[in-house]
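No experiment lies behind these values; they were computed from the predicted model shown. Just follow the structure's listing: the first ligand is 1, and inside any ligand the first atom is 1.
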Amino acid sequence: MTDRSQLLSALADVVGGRYVLTSNEDVAPYATDWKRSSTGVPACVVRPASTSEVAGVVRHCRELGFTIVPQGGNSGLAAGAIPDSSAGQVVLSLNRMRAIRSLDPVGMTIEVEAGAILQTVRENASEVGRMLPIAIAAEGSATIGGVIATNAGGLNVLRYGMTRDLTLGLEVVLADGSVASGLRHLRKDNAGYDWKQWFIGSEGTLGIVTAAVMRLVTVPRHSVTTLLSVTNLDAAISLFELTQQDIGEALSAFELISAQSIDLIERYAQLKSPIAAGEWFILLEATSSLSGLRDAAEAVLAAGFEIGWVVDGVVAESDMQARQIWALREHVTEAEARRGSSLKHDISVPLTRMGAFLADAEAALETVAPGAGLNLFGHLGDGNLHYNVLLEPDHDQQAINRVVHDVVVKHGGSISAEHGLGQYRVDEWLRVAPDADLRLASTLKTALDPDGLLNPGKILPSKLSHSKAIGETI
Ligand SMILES: Cc1cc2nc3c(=O)[nH]c(=O)nc-3n(C[C@H](O)[C@H](O)[C@H](O)COP(=O)(O)OP(=O)(O)OC[C@H]3O[C@@H](n4cnc5c(N)ncnc54)[C@H](O)[C@@H]3O)c2cc1C
């Protein structure tokens with residue numbers, strides 16, 4: 001019996017034969033990422049139905065020398081859930097573990113299995129007037145486990161924080177096959193290390209999340225949505241400062257869209273901006289249980305006009321108009337994809353450095369890709385910009401990545417604000433990360449997964465090259 005046939009038979013004993021997928025047709029959807037830019041060849045895809053089955057799968061893979069790639073909804077943007085092409089990695093899909101275990105509207109918590117779809121969890125919460133404020137366009141595919149493993153951000157980070165801020169408890173299967181149970185429904189718990197934090201944003205490299213307790217918030221009764229165009233980036237940042245002062249905690253989104261992005265949307269997504277262009281557009285949304293938001297938004301708009309920051313603006317009169325404004329923001333990526341290929345940089349810099357970053361990045365880009373088109377948009381309130389370069393056939397992608405990331409680092413920023421490192425950004429992270437970050441990452445990985453069983457090659461290089469790369473870098 002070969003190692004692989006031994007593995008298939010052992011996994012079938014744990015989960016049942018029909019949940020061990022091996023044919024090319026069956027494994028195909030699990031082997032290519034959402035962007036269709038990375039395809040692997042797994043030993044098989046296994047679909048356990050419970051935490052104990054996940055633990056059984058981990059133990060067999062360990063014994064037989066196969067590594068594991070955890071996968072949720074496969075909507076990640078860094079190919080973190082895709083195996084390599086060695087046929088030696090098992091894709092462990094959580095997509096049969098979708099139960100909503102409990103919902104507490106008073107304590108405002110929800111306990112769910114890792115494979116639960118984000119949209120379903122949000123719908124369950126909204127049925128009792130509560131909300132899980134993780135708003136990402138992939139909510140129909142992304143799972144709670146994936147959202148936690150990538151520490152997903154999205155449109156409401158400004159108001160409610162990242163997934164990390166909304167996770168109260170975790171259940172995790174560790175690399176030795178044991179289960180760490182920490183499904184606490186507590187907002188305060190300072191008894192020892194907060195170990196769940198080690199797994200949030202760890203992209204499946206430290207443990208397999210099997211269930212979670214998430215914090216809910218109340219559904220705001222009132223909202224206002226505004227689209228503005230502004231003269232320049234300084235005006236956008238000044239307006240953000242004013243909005244924070246005057247609308248404060250009700251501010252739930254402050255999105256930046258460049259005039260080039262609006263141009264792409266109008267050309268490739270057949271949508272039209274309802275206002276005259278400035279250098280930048282701002283989508284501002286405020287939500288609250290209390291009324292009076294519209295007056296507050298109009299006052300900010302009027303002040304912006306008077307000072308000369310705002311070129312044009314509209315406050316949505318209805319839900320439908322609000323949706324039309326949001327549609328502009330939501331179609332930026334699609335319009336970019338329809339134009340052709342692009343090189344994405346999901347970066348963040350301190351807000352006060354954003355202007356200097358953009359000027360330096362433009363100058364640096366000119367040295368390697370003169371005249372390159374850009375699609376710039378993002379969550380300005382979080383200092384998070386999608387710095388996407390519209391590719392032409394003669395562009396050197398590695399050179400572009402390097403110059404953009406060097407400028408990010410110069411301004412104290414991050415080369416991955418939301419999407420993680422997956423397999424796409426490993427080399428660049430090794431190149432620019434501070435020594436202390438690499439040393440601590442390596443220490444944690446070695447402590448929790450000494451044999452490199454879990455998602456090798458993601459975040460850190462795979463085990464074979466691991467010690468060499470880290471040794472050389474540190
Ligand atoms: C259209 C679109 C819009 C998006 N918008 C945003 C956005 O605004 N903000 C944002 O942050 N992201 C965004 N994303 C990225 C993506 O949706 C998130 O990263 C999401 O959290 C991934 O969830 P998933 O279940 O699909 O995870 P997968 O893609 O399956 O996996 C992602 C990573 O998590 C690991 N993983 C998955 N499940 C588990 C588990 N149970 N235990 C341990 N590790 C696990 C995988 O190994 C992989 O490394 C977007 C993606 C798309 C396609």
Original post:
CD of Q398: more than 12 outside heavy atoms within 6.0 angstrom?
Top reply: no

Original post:
Are a donor atom and an acceptor atom from the side chains of S52 and S50 found within less than 3.5 Å of each other?
Top reply: yes

Every pair of nitrogen or oxygen atoms between ligand 1 and the protein that is under 3.5 angstrom apart - can you list them with their distances to 0.1 Å?
residue	atom	partner	partner atom	Å
ligand 1	9 (N)	E418	OE1	3.0
ligand 1	11 (O)	G153	N	2.8
ligand 1	17 (O)	S75	OG	2.9
ligand 1	19 (O)	T150	OG1	3.2
ligand 1	21 (O)	G146	O	3.4
ligand 1	21 (O)	V147	N	3.4
ligand 1	21 (O)	T150	OG1	2.9
ligand 1	25 (O)	G73	N	2.8
ligand 1	25 (O)	T143	N	2.8
ligand 1	25 (O)	T143	OG1	2.7
ligand 1	26 (O)	G73	N	3.3
ligand 1	26 (O)	N74	N	3.1
ligand 1	26 (O)	S75	N	2.7
ligand 1	26 (O)	S75	OG	2.7
ligand 1	29 (O)	S75	N	3.1
ligand 1	29 (O)	G76	N	2.7
ligand 1	30 (O)	G72	N	2.7
ligand 1	30 (O)	G73	N	3.4
ligand 1	30 (O)	N74	N	2.9
ligand 1	41 (N)	V209	O	2.9
ligand 1	42 (N)	V209	N	2.9
ligand 1	47 (O)	P70	O	2.6
ligand 1	47 (O)	N455	ND2	3.1
ligand 1	49 (O)	G80	O	3.2
ligand 1	49 (O)	E203	O	3.1

Original post:
Quick one: does N455's side chain have a donor or acceptor within less than 3.5 Å of a partner on P70's backbone?
Top reply: no

Subject >> Within 45° cone and under 6.0 Å: R329 NZ/CZ vs F377 ring >> reply: no

Subject >> H345 and its ring pair (Phe, Tyr, Trp, His ring centres under 6.0 Å) partner, picked from H419, H405, H386 >> reply: H405

**OP:** Can you measure from CG (N401) to CD1 (I415) and round to the nearest 0.5 angstrom?
**Re:** 8.5 Å

